[in-house]
Amino acid sequence: GDQNIYILGKELLDKFKTRKLSAIQLFNEHQALSKYCRTHYSDTLRDLVEQGKVKATFTDNKEHSVAVLINEHCILEFN
């Protein structure tokens with residue numbers, strides 16, 4: 001896998017432990033201080049969902065082909 005995804009994943013798990021927030025909130029809060037782009041966040045969060053470390057729920061009642069989108073309708077719950 002991608003080293004960036006591994007490192008960013010660890011950072012996000014540490015920083016957002018037990019929090020519940022939208023993907024865009026997470027992105028806006030964390031990205032200001034990091035060197036990662038939006039794609040890194042999408043890929044990393046999808047990876048964390050696959051690993052069962054984060055739960056993602058969409059509130060827009062649409063079918064999505066991916067587990068996480070960086071928007072206000074994707075709610076993330078960190079373990």
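This chain uses plain numbering: 1 for the first residue, then up along the sequence. All values below were derived from every heavy atom in this structure, side-chain atoms included, with hydrogens, water molecules and symmetry-related copies excluded. Since we're looking at a predicted model, the values are computed, not measured.
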Taking atom types as modelled and ignoring hydrogens, do the side chains of Tyr36 and Thr44 form a donor-acceptor contact shorter than 3.5 angstrom?
-> no
Co-membership, hydrophobic cluster, residues Ile24 and Phe58, 4.5 Å side-chain | no
Are Arg19 and Glu29 close enough for a salt bridge, meaning some N to O gap below 4.0 Å?
-> yes
Can any side-chain N or O of Asp47 pair as donor or acceptor with the backbone N or O of Glu50 at less than 3.5 Å?
-> no
What distance separates Asn61 CG from Thr59 OG1, expressed to the nearest 0.5 Å?
-> 7.5 Å
Would Phe27 and Arg38 count as a side chain to side chain contact (heavy atoms under 4.5 Å, CB included) if you check the C-alpha gap in whole Å, the side-chain angles of each, and the deciding distance to 0.1 Å?
-> CA-CA 8 Å; Phe27 177 75; Arg38 204 178 178 105; 3.9 Å; yes
Taking a hydrophobic cluster as the set of Ile, Leu, Val, Met, Phe, Trp and Tyr residues connected by side-chain heavy atoms closer than 4.5 Å, whether directly or through intermediates, do Val68 and Val66 fall within one such cluster?
-> no
Reported NZ-to-CG distance for the pair Lys62 and Leu69, which is rounded to 0.5 angstrom | 10.0 Å
Check whether any side-chain heavy atom of Phe78 lies under 4.5 Å from a side-chain heavy atom of Lys53, and answer yes or no.
-> no
Counterpart residues, ring pair (Phe, Tyr, Trp, His ring centres under 6.0 Å), relative to His73 (two or more places apart) | none
Rounded distance (nearest 0.5 Å) linking atom CG of Asn4 with atom CG of Asp43 = 10.0 Å
Starting from the C-alpha separation in whole Å, work towards a yes-or-no answer on side chain to side chain contact (heavy atoms under 4.5 Å, CB included) for Glu77 and Val54.
-> CA-CA 6 Å; Glu77 288 181 72; Val54 177; 5.8 Å; no
Co-membership, hydrophobic cluster, residues Leu21 and Leu12, 4.5 Å side-chain = yes
